[in-house]
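Atoms within a ligand are numbered from 1 in the order they appear, just like the ligands themselves. For the single chain, residues carry numbers from 1 onward in sequence order.
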Amino acid sequence: MARTPEELVRLKQEYVIPCIKHYYEKPMNLVSGSMQYLKDSEGKEYLDFFAGILSVNSGHSNPEINAAVHAQVEKLQHVSTCYLIEPMIEFAQQLAEITPGELQKSFFCNSGTEAIDTALLTAKLHTGCEEVIALRHSYHGRSHVAIGVSGQKPWRPPVATMGNVHFAHNAYCYRCAFGLTYPSCEMRCARDLEELLQTTTSGRIAAFIAEPIQGVGGFVTPPPEYFPIIYDIVRRYGGVAISDEVQTGWGRTGENLFGIQHWNVEPDMMVFAKGLANGFAAGAFVAKKEVADAYTGPNISTFGGNPITMAAAIANVDYIRKNDLAGNAERMGKVLWDGMQELQEKHLVIGEVRGKGLMIGVELVRDRTSKEPAPEETARVMEICKDNGVLVGRGGLVGNVLRLTPPLVVDATDVQRALTTLDQAFESVEKSMTPA
Ligand SMILES: Cc1ncc(COP(=O)(O)O)c(C=O)c1O
């Protein structure tokens, strides 16, 4: 007999560190998954529109990926990076082939946080510089270093994090820091980077790190000019351009395999985790040869690039490409986008719909004129959707953005079901809202 959610909450409170939070006032005990569906301990089925935080792009317990993992477990489970193993080297070669531009040499570890940490270290070794530029509203992980480059106050503990980080403006057009409107703003947020570099740095930087679409930040999606302007400035000041593809990678944003490709710029490094091995615990970065070659070591990652996660990653990439999941994300993303536009016309609580492919953010506000954020209403919408069998995620600095990111295997029927459920949830929440 499975434990009840109430019992799990009680045990969690007693035995798990309190910084680990879970969703929902009334959480469920999830016990199984199959592609875009999950089941709880009481047999209730859910349509998953969050994909385990944008991780199972190829679906829960995907049979083809699982078969590759089972076969690898039977053959060789672990040896560490002290030994030569084929899956890691094969996948590194594949990464060089499928990533854009001159990205060539990879590092493997167990999470996005670790990959970010080592990517920054490598950029520092390559440039001989210390200073790093990150974006406001960004999130890059939970270690001292990764949280130190994250422009997210709620996730930053009030104790020392990495120094020498300067936070540039993101392109949050819905709440422009300069009070301007795109395109007449002439991309003031991006151009401001030069002023930041000239006034707050030595004039030489190690790296610029950014997510193409800010995940935890609530899917803030820059206009097309943003990254070309930023990358030009970064390169003039000697910095390595790092694209954090932890959320935007592996077909998520539609059409392309990687998010930054929508902005027609070529990063010097790309960082991966989450969807890299379809939810198996793998992190990685790929870098231009001259950048990667700056880190001669020694370095070891006991579980990095291990046979199991690499077998999963190889099978996952194969599945994504064979089934054109990036194309499906583009097509189903359009159905979701169009449906959300209709819901925005109907529901005043929807302030903005943004994103690309199957990475759609819905910012909820208590009032469209003042744009007062609506975090409690966002939590209510999530709870109602869950009760009605659809799981959605949440983000934004104050938690007022719904994150709609199903596994990329969904079809139009699934998208319509999510839209209908959201429509009902918005209606119910709006009924209980007092005028702001
Ligand atoms: C964009 C981005 N980078 C890095 C990370 C850190 O990844 P991990 O949780 O695997 O350490 C996250 C996690 O949510 C993320 O969203």
Supply the atom-to-atom distance Leu408 CG to Thr253 OG1, rounded to the nearest 0.5 angstrom. 9.5 Å

May I ask you to identify the nearest protein heavy atom to atom 16 (O) of ligand 1, giving residue, atom name and distance to one decimal place in Å? Gln247 NE2, 2.8 Å

Give me the residue, atom name and distance of the protein heavy atom closest to atom 3 (N) of ligand 1. Asp244 OD2, 2.7 Å

For the residue pair Thr201 and His166, confirm or rule out a side-chain donor-acceptor distance under 3.5 Å. no

Near Ser111, which atoms of ligand 1 are under 4.0 Å from a heavy atom of that residue? 10 (O), 11 (O)

Knowing that exactly one of Leu197, Val149, Thr200, Val234 qualifies, which makes a side chain to side chain contact (heavy atoms under 4.5 Å, CB included) with Ile133? Leu197

Under 3.5 Å, side chain of Glu383 to main-chain N/O of Lys26, donor-acceptor pair present? yes

Contacting atoms of ligand 1, where contact means under 4.0 angstrom from a heavy atom of Glu211: 1 (C)

Identify the closest protein heavy atom to atom 11 (O) of ligand 1: which residue and atom is it, and at what distance? Thr113 OG1, 2.5 Å

Spatial distance of atom CD (Gln247) from atom CG (Leu54) [nearest 0.5 Å]: 4.5 Å

Distance to 0.1 Å, residue and atom name: give those for the protein heavy atom nearest to atom 7 (O) of ligand 1. Gly112 CA, 3.3 Å

For atom 14 (O) of ligand 1, the protein heavy atom that lies nearest, with its residue and separation: Lys274 NZ, 3.0 Å

Please confirm whether the ring centroid of Tyr237 lies under 6.0 Å from the ring centroid of Phe208. no

